Amino acid sequence: MNCVVWIDSLEFKKELEFIAKDLNIDLVTKYPEYGSIISYDKSGLYFVNDVNSPADILHVDFLTGSMGWRLKRSDHESLLKKTLGKSKNCLTIFDGTAGFLSDALIFLSLGHKVIACEQSKILYFLVENACDRAKEELPFLSNLNLIHGNSFEVYKDQNNIDAIYLDPLYPETKKHILRAGNIHAIKNILKIEKIDDMADTLFTKFKKLQYKKIILKRPIKGKKICNNINYQIKGKSTRFDVYI
Ligand SMILES: C[S@@+](CC[C@H](N)C(=O)[O-])C[C@H]1O[C@@H](n2cnc3c(N)ncnc32)[C@H](O)[C@@H]1O
């Protein structure tokens, strides 16, 4: 792994030692000359993909920026709300592609329970740290179970899931500029961890399991992965294919 954990300040030594051990990567006190780093500052855990472009820093934060804005007005998230249907009950949603947890947070803020699974350990640590920092302000985080692992395997141990939500990586195009920054970061992290994303096969694998509902997020013009879609919710750049 061309990535090290860099100890900038002794204040966060314990946390960083734990992460380095868990990721099985070196812990250094001297800022490296090349590669990627994971470190801590006062705003929390962060990742820099290329130490020679330190401005390209990835901090996951749910309280500010676009995520903070979306959460303040989650009632306006009509597309995601429609994918869940009209039921007023609290649902249990299995998010098999947690990423930065943006979609899962909307489900949580709408009053549902979410089990979110992420295959990248680096992303898992960044998101877990963001949850920890935000838990006072976002009490609905107590309805989240964040798991590191392959969602296809993790799902097999779950019971009473009302909906499986899948948002596999799709190719960057000019039309997806808003997502592109984040997607680029995720792709770099997966490369560092040598994770073969297999985005195309994830849905097909889930489709063969027992489920009540699968919600598959796709680019608006993306080809159908499977023909028997029950209904579609369409936005400007995104489409949700729902299978019941
Ligand atoms: C496009 S991102 C998801 C973004 C997320 N919906 C959000 O709102 O931030 C896809 C994520 O799914 C993860 N992923 C893909 N296949 C997975 C699998 N089989 N198990 C767990 N995570 C997976 C990838 O590592 C990546 O972080």
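This one's a predicted model, so the numbers in the text were calculated from it and none came from an experiment. Numbering of ligands and ligand atoms starts at 1, following listing order.
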Worksheet entry | Non-neighbouring partners of Asp26 that pass salt bridge (charged side-chain N to carboxylate O under 4.0 Å, His left out), sequence neighbours left out | none

Worksheet entry | Ile195 contact mode with ligand 1 (heavy-atom cut-off under 4.0 Å) | neither

Worksheet item: Looking only at non-hydrogen atoms, which of Ile106, Leu202, Asp103, Leu166 approaches atom 8 (O) of ligand 1 most closely?
Response: Asp103

Fill in: Under 3.5 Å: N/O of Ser120 near N/O of ligand 1
no

Worksheet item: Just which atoms of ligand 1 are under 4.0 Å from any heavy atom in Ile186?
Response: 2 (S), 26 (C), 27 (O)

Discussion item. As an exercise, identify every atom of ligand 1 less than 4.0 angstrom from a heavy atom of Gly149.
Written reply: 20 (N), 21 (C)

Discussion item. So, regarding Leu169 and ligand 1 (criterion: nitrogen or oxygen to nitrogen or oxygen, under 3.5 Å), is there a contact or not?
Written reply: no

Practice prompt. For Ser39 and Leu16, work out which heavy atoms get closest and say how close.
Written response: CA-CD2, 3.9 Å

Practice prompt. May I ask you to identify, for Asn150, whether its side chain, its backbone, both or neither come under 4.0 Å of ligand 1 on a heavy-atom basis?
Written response: both

Practice prompt. Look at Lys121 together with Glu193 and state whether they make a salt bridge at an N to O cut-off of under 4.0 Å.
Written response: no

Fill in: Numbered atoms and elements of ligand 1 in range of Leu101, under 4.0 angstrom, heavy atoms
7 (C), 9 (O)

Item to complete: Considering the heavy atoms of Leu123, write down every atom of ligand 1 situated less than 4.0 Å from one of them.
Response: 27 (O)

Practice prompt. Would you kindly specify which portion of Leu190 sits under 4.0 Å from ligand 1, judged on non-hydrogen atoms: side chain, backbone, both or neither?
Written response: side chain

Worksheet item: Knowing that exactly one of Val51, Val4, Asp8 qualifies, which makes a side-chain contact (heavy atoms from CB on, under 4.5 Å) with Tyr31?
Response: Val51

Worksheet entry | Ser36 versus Ile192, closest heavy-atom pair with distance | OG-CD1, 3.1 Å

Worksheet entry | Flag, side chain of His112 to backbone of Leu91, donor-acceptor distance under 3.5 Å | yes

Worksheet entry | Closest contact, heavy atoms only, Asn52 versus Glu33 | ND2-O, 3.3 Å

Worksheet item: With sequence neighbours left out, which residue pairs that include part of residues 220-244 fulfil the ring pair (Phe, Tyr, Trp, His ring centres under 6.0 Å) condition?
Response: Phe203-Tyr243

Response to the item:
Near Ala98 (heavy-atom distance under 4.0 Å), the atoms of ligand 1 are 5 (C), 7 (C), 9 (O)

Practice prompt. Answer side chain, backbone, both or neither: which part of Ala104 comes under 4.0 Å from ligand 1, heavy atoms only.
Written response: neither

Worksheet entry | Ser43 backbone acceptor or donor facing Arg133 side chain under 3.5 Å | yes

Fill in: Polar contact flag for Asp167 and ligand 1 (N/O pairs, less than 3.5 Å)
yes

Worksheet item: Does any N or O atom in Ser102 lie less than 3.5 angstrom from one in ligand 1, N or O only?
Response: yes

Response to the item:
ligand 1 atoms nearer than 4.0 angstrom to some heavy atom of Cys117 are 21 (C), 22 (N)

Response to the item:
Rounded to the nearest 0.5 Å, the CZ atom of Arg239 sits from the CG atom of Leu216 at a distance of 8.0 Å

Discussion item. Within the 4.0 Å heavy-atom shell around Ser151, which atoms of ligand 1 are there?
Written reply: 18 (C), 19 (N), 20 (N), 21 (C)

